[in-house]
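This report refers to the structure that appears directly beneath it.
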There are 2 protein chains.
Amino acid sequence: MPRATTPRRASVADVARQAGVSVGTVSNVLNRPETVAPATRARVEAAIEELSFVPNGLARQLRAGTITTVGAILLDIRNPFFTEVARGIEDRLTAADHTLMLASSDDDPAREARYLRLFEEKGVVGLLVVPGSLDVEPLRAVQRRGVRVVLLDAASSSPDLSSVSVDDAAGGALAARHLLELGYRRLTFLNGPHTIRQCADRLRGIREAVADEGLDPDVVVEEVRLTSLDAGGGDVAMGRLVDASGGRPPEAVLCVNDLVAVGVQRALRRLGGTALLSRVACVGYDDIDIASELAMPLTSVRQPALEMGYRAADLLLARGPGEPAEHVVFQPELVVRASSLVPGRARAGAGGSSPTS
Amino acid sequence: MPRATTPRRASVADVARQAGVSVGTVSNVLNRPETVAPATRARVEAAIEELSFVPNGLARQLRAGTITTVGAILLDIRNPFFTEVARGIEDRLTAADHTLMLASSDDDPAREARYLRLFEEKGVVGLLVVPGSLDVEPLRAVQRRGVRVVLLDAASSSPDLSSVSVDDAAGGALAARHLLELGYRRLTFLNGPHTIRQCADRLRGIREAVADEGLDPDVVVEEVRLTSLDAGGGDVAMGRLVDASGGRPPEAVLCVNDLVAVGVQRALRRLGGTALLSRVACVGYDDIDIASELAMPLTSVRQPALEMGYRAADLLLARGPGEPAEHVVFQPELVVRASSLVPGRARAGAGGSSPTS
DNA sequence: ATGAAAGCGCTAACAC
DNA sequence: GTGTTAGCGCTTTCAT
């Protein structure tokens, strides 16, 4: 195991010796240069240069206790939605002269726990996390120890944790209503594990929209649980569905995110060419940048990724240790494109009234 | 400025007091549990639980000097190519029980410098960086101070810095030769700043391929310098080109990455619909996941992103402080799709002989 | 098996 | 203006 012992680096003591001053003076040059006589300051700076001295941030932080680093734990760094969120976070943080360190949990609770601990040990001032598992207890524990925590893309189950999220039930309902209005009476939902709250909520929204229409969700909605929420996962799942259907694949598919939808399209094209692809109505989620650029432009539920990140960082920065938690909820929006509009199908209008939830 | 003073957390001393033992024993429970009598160990563990004590990683590292954190500074976290690289890094690191902290420089030298320093101060064992500016001197300085550095996606200009890269000149040549074989005698290259080595090299490769064909690069190759290397940048640049051309847009376009190519397609479609879009031959770079899924499937130069990240992390972990630098160079590969094959154009075969460089 | 004490590199009083 | 010194939270000899 290639652990490493940091080699000996120059320290304030070395610099002090080299410059013929005391460590206190070196520290002053570093932190309050104006209090040091120009001549000595010059000597110290020369010594710093000479030894290529870089202050040890750990020691400094250990002593001074001031920090400007924020950690973020995202679900999947390869999902453009999350990188867009990260960008929003960075924008806000940079404006406040803080810096962001990123990690990707891949919905693996062990990884999430590891990064949680790592960031806490590294002494971040706060943590932005998109929780994969439902268990927020470790997060509350971290917060109790003085690390500011903001939940991202997850309405906080425990109200003492601040959060920024999108109304996922509304989003699911938006997507379902769209397909129902187009006349579909059987909806296949390619979902993720219900331990991810977004997944559970979107399903709920879908079922509610169906019920609102006077239909029986148990009959109308078929849920398929994927384990990997990316193009590969969508591809495999759709492949199985087509195989199992004896040539009659689902007519209308809802996907828990756009990556999965891309996979669905890939599978359809592979198995039945453009003919098959254009015969199934498909709705994605997130409205990632390239959704409109696809061979089959993707109808999708838009979430304001950038704003979400920005706002989350905002909450984190604004929040003093003892203050009450805040919750920001954005509303999703349906963007209709070709993928849901099968040629020859009646079209009843794309929009929709306001959501139930 | 919402800097923060870390609130008081439980320390080993607190735990020791609570358990009625000495700090040394607490430390032993933490690091060498087997040397502690079961009874006392239980008491200490209870106290840890009680106080919800989390060891301060900074202090630990300060004292012990062992670290398992690696930092990576990428150019653009929104570019799927880089996130794929990051994934490769993580895979390798996780296998070695190390953890990755990510940052995105956005080709801003100031940001790059900031993160460089931040990571060094936080005491990472090593740094993987995709350098934006050409100046590697700061990186060499960091390395001299004992932080292992591996350059990513950039053949090291200074040979004492290990590196993992792809032969970018070869990649540029591959793309150019493809278009030349299709009969184009005017190539427009949407490039980035030459301070990014990849950009300079790809241009060089393109020019060499043109020269090899007995043509004059100065006549054949037109370079357009973008500042933002994403879809937005490509869109704007192509828009300008079409505007300026008086209705005769470039026939053959090379893009410095796939995101730019997506932008190009977007602009073409907006300005002249599918007709215009299918009239210009376009080649991207990176072969990102969705390249094949686009409305106009993208011909692209493939780089083995995942392997690159994996290999880079490998180098970092393997490298002892004093050992000589290593350089790994991957070869790119051309993936031909519809975007470069304008209907009605003669096609001379897609492949190509081995590159010049 | 456990405790006492030194020290990692730095900052912040406080003295001179 | 500059030096001295205590101590941040932890690990690690070295005694006991």
Side-chain angles (χ1 to χ4, degrees), chain A residues 3-45 47-48 51-67 117 120-123 145-146, chain B residues 3-45 47-48 51-68 117 120-123 145-147:
Chain A
R3 300 198 157 217
T5 301
T6 314
R8 181 91 176 75
R9 280 167 32 179
S11 76
V12 273
D14 299 324
V15 173
R17 201 173 313 117
Q18 171 93 6
V21 296
S22 77
V23 291
T25 303
V26 175
S27 176
N28 281 334
V29 170
L30 256 28
N31 302 294
R32 283 170 304 284
E34 68 283 1
T35 70
V36 178
T40 20
R41 181 164 68 194
R43 283 217 321 286
V44 171
E45 277 162 353
I48 287 176
L51 302 172
S52 90
F53 163 79
V54 173
N56 182 326
L58 277 69
R60 168 180 299 185
Q61 186 172 321
L62 180 58
R63 176 66 238 224
T66 59
I67 32 181
R117 193 183 175 95
E120 182 173 9
E121 290 191 353
K122 289 275 177 206
R145 287 181 225 113
Chain B
R3 300 197 158 219
T5 301
T6 314
R8 181 89 176 76
R9 281 168 29 180
S11 76
V12 273
D14 298 324
V15 175
R17 201 173 313 117
Q18 171 94 6
V21 297
S22 78
V23 292
T25 303
V26 175
S27 177
N28 281 334
V29 170
L30 255 29
N31 302 293
R32 281 172 303 286
E34 69 282 2
T35 69
V36 178
T40 21
R41 181 165 64 192
R43 284 218 317 287
V44 171
E45 277 162 352
I48 287 176
L51 302 171
S52 90
F53 163 77
V54 173
N56 182 326
L58 277 69
R60 166 181 300 186
Q61 186 173 321
L62 180 59
R63 178 64 238 226
T66 59
I67 31 183
T68 56
R117 193 183 175 94
E120 182 173 8
E121 291 191 353
K122 289 272 177 209
R145 285 180 227 115
V147 179

Minimum heavy-atom separation for [X] and [Y], please, with both atom names.
X	Y	result
B:A16	B:V23	CB-N, 3.8 Å
B:Q61	A:K122	OE1-NZ, 3.1 Å
B:L58	A:G123	CD1-N, 3.7 Å

pair B:F53-B:L30: side-chain heavy atoms closer than 4.5 Å: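 Yes; the side chains approach each other to less than 4.5 Å.
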Using the test side chain to side chain contact (heavy atoms under 4.5 Å, CB included), find all partners of [X] that sit at least two apart in sequence or belong to another chain.
X	value
B:S22	B:T25
B:E120	A:R9, A:V54, B:V142, B:R145, B:V147
A:T40	A:V21, A:V36, A:A37, A:R43

For atom [atom1] of [X] and atom [atom2] of [N], their distance in whole Å:
X	N	atom1	atom2	answer
B:E120	C:dC10	CD	P	11 Å
B:D14	D:dC8	CG	P	11 Å
B:E121	C:dC10	CD	P	10 Å
A:I48	C:dG9	CD1	P	16 Å
B:E34	C:dT2	CD	P	13 Å
A:Q61	D:dG7	CD	C1'	16 Å

Note down the inter-axis angle between the two ends of the helix from C:dA1-D:dT16 to C:dC16-D:dG1, five pairs each, to the nearest 10°.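 Taking five pairs per end, the axes differ by 40°.
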Check side-chain hydrogen bond (donor to acceptor under 3.5 Å, both in side chains) between A:Q18 and all other residues, then give those that pass, not counting sequence neighbours.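 Residues passing side-chain hydrogen bond (donor to acceptor under 3.5 Å, both in side chains) with A:Q18: none at all.
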In 5'-to-3' order, the base (B), backbone-only (S) or no-contact (-) status of each nucleotide in nucleotides 10-16 of chain D, using a 4.0 angstrom heavy-atom cut-off, is BBB----
Can you tell me if the side-chain N/O atoms of B:T40 get under 4.0 Å from OP1 or OP2 in C:dA1?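 No, B:T40 has no side-chain N/O under 4.0 Å of OP1/OP2 on C:dA1.
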